[in-house]
2 protein chains.
Amino acid sequence: MIMKYKTVIVDDHPIVISGISGLLSDLDNIEIVEKFESGIALLDYIEDNKVDLILMDIFLPVINGVDLCKTIKQKHPRIVIIGMSSQSERSLVMQFIQNGGNGYILKNASFDEFKECIYKAIDGEIVFSEEVKTIISQPLSEDLERIPGLSRRERDIALLLSQGKSTQEIADDLFLSFLTVQTHRRNILQKYKMKNVAELIAFLLKNNMLN
Amino acid sequence: MIMKYKTVIVDDHPIVISGISGLLSDLDNIEIVEKFESGIALLDYIEDNKVDLILMDIFLPVINGVDLCKTIKQKHPRIVIIGMSSQSERSLVMQFIQNGGNGYILKNASFDEFKECIYKAIDGEIVFSEEVKTIISQPLSEDLERIPGLSRRERDIALLLSQGKSTQEIADDLFLSFLTVQTHRRNILQKYKMKNVAELIAFLLKNNMLN
DNA sequence: GCGGCAATACCTGATAAAATGTATTTTTTA
DNA sequence: TAAAAAATACATTTTATCAGGTATTGCCGC
């Protein structure tokens, strides 16, 4: 008798679970042992059951896939975990891999891509579907890379700026001198080479640097 | 012999197509005649083939589901079209229905919900999955409702503002008088009761009103 | 214990934006 | 086709921002 990889699927979309099930049923050495619509149920399950491979959606309710992966890998480093999502960004994929993920597949991948990735992942490789490769390889040299973060105070001030507060109002809110706030504003603008607050706010929001 | 509803699935995610196929194969009077990963291929197909029901993803490459629905309904008003997406907003669903869509299902709906919606839709009802109902019913009285849109010119100017352009630069870019741009700026700020451009840009971006 | 960073604070001149009021033309739509 | 909405333009006053340079204090890591 052949040893089959005990596989769990986690996705909050029933039809996606169904689709992946169908796909995996073609693969001889994969056995789907459970399907979950949330990460919490999965965490319970792996405590009491042997699992070799997990296919998980990244955008899950309650606990997201990136955190879920980290939690699982801390206790069960040998479980192979592949992340999936419909759209994605470089930083998200990188964080997932950094948290121990063994691969990342975009849901628009073909069946063959899915299968190949899964096989390679259980062989120990870190795998990415084609479009993910494009996403993570592209913006290496660009300015998108290595953007310095806001300091605590700068973030506070940027947040209040995005709420339409004036320098004086921010100073009052934070019990600072008008001049201090002015300095922070200038520093932020200079740091990102922005012409004015409007451009700054657009930049910060697009890069999820506020909140 | 029973007449079966000739059904087409459009989704750019192969696994979703597979999932829906599996689901629909349970239904006696539904026959899946084709599957597409883009709207263009679908438009070609329906010119030469009889189709009764279309299940389509809203977020498709090249042409989105909302526009696709409109195009199809203009030529083939009798085809029943059900929209699907992972996440959604009120305005998107409403626009889809206004364009002739016969229903809208969130992809996190259960199999039973899917089946029920499909049956009701081919019976002539306008159907929504549970979560969609919640989305479209909730924010009726709230301020979230009835936010007036930007006019074309206003959108142009707001976009340039988000790029850090000054009034004079915008005037030069759009071949307008400095004073005209000033008036537009004022009108936009007044329309949304924003204190300054920073707050405005934050507001517009959070509500996906730029681009 | 020193260098660097973050946070605080100050001064000033030039420039830009915000608030107010008005008015004409064009385009859209009911 | 008449009414409404959008786009255009002008003038003025007040207020805020931007950009330049400077400086002190506290904290963290090497």
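Note that these values count all heavy atoms, side chains included, but never hydrogens, waters or copies made by symmetry. All chains are named by letter (A, B, ...) in the order of the sequence lines, taking the proteins before the strands, and each is independently numbered beginning at 1.
Remark: A:Lys193 NZ is loosely packed, at most 12 non-hydrogen atoms of other residues, nucleotides or ligands lying under 6.0 Å away.
When rounded to the nearest whole Å, the span between CZ of B:Arg185 and P of D:dA9 equals 16 Å. Counting to the nearest Å, the C1' atom of D:dA19 and the CD atom of A:Gln190 are 8 Å from each other. Rounded to whole angstrom, the span from the CG atom of B:Asn196 across to the P atom of D:dT17 amounts to 7 Å. To the nearest angstrom, P of D:dC18 lies 11 Å from CD1 of A:Ile188. Atom-to-atom, OH of A:Tyr192 to P of D:dC18 comes out at 16 Å; the value is rounded to the nearest Å. Here D:dT8 presents its P atom at 14 Å from CZ of B:Arg186, a figure rounded to the nearest Å.
Electrostatic pairing of A:Asp123 and A:Lys120 does not count as a salt bridge here, judged by no charged N lying under 4.0 Å from a carboxylate O. The pair B:Lys70-B:Asp67 does not count as a salt bridge, with every side-chain nitrogen at least 4.0 angstrom from each carboxylate oxygen.
Residues B:Leu43 and B:Leu68 have side chains in contact (heavy-atom distance under 4.5 Å, counting atoms from C-beta outward). In this structure, the side chains of B:Tyr5 and B:Leu27 stay at 4.5 Å or more apart for every pair of heavy atoms. Contact of the A:Glu113 side chain with the A:Ile105 side chain is not registered, since no non-hydrogen atoms from C-beta on lie closer than 4.5 Å. Counting heavy atoms from C-beta on, the side chains of A:Gln168 and A:Gln182 never come closer than 4.5 Å.
A 4.0 Å heavy-atom criterion places the boundary nucleotides of DNA chain C facing chain A at C:dA6 to C:dT12, written 5' to 3'.
Remark: A:Asp11 pairs with A:His13, A:Val16, A:Ile17, A:Asp57, A:Met84, A:Lys107 by the side-chain contact (heavy atoms from CB on, under 4.5 Å) rule, at least two apart or across chains.
Near DNA chain C, meaning a heavy atom under 4.0 Å away, the residues from residues 161-184 of chain B are B:Ser166, B:Thr167, B:Gln182.
Contact annotation: B:Arg152 does not reach the phosphate of D:dA6 (side-chain N/O to OP1 or OP2, under 4.0 Å).
Note on B:Arg153: only backbone sugar-phosphate atoms sit closer than 4.0 angstrom, heavy atoms only; bases stay farther off. No contact: B:Asn187 has no heavy atom under 4.0 Å from any strand.
The side-chain contact (heavy atoms from CB on, under 4.5 Å) with A:Leu42 is formed by just one residue from the set A:Leu60, A:Val51, A:Val10; it is A:Val10.
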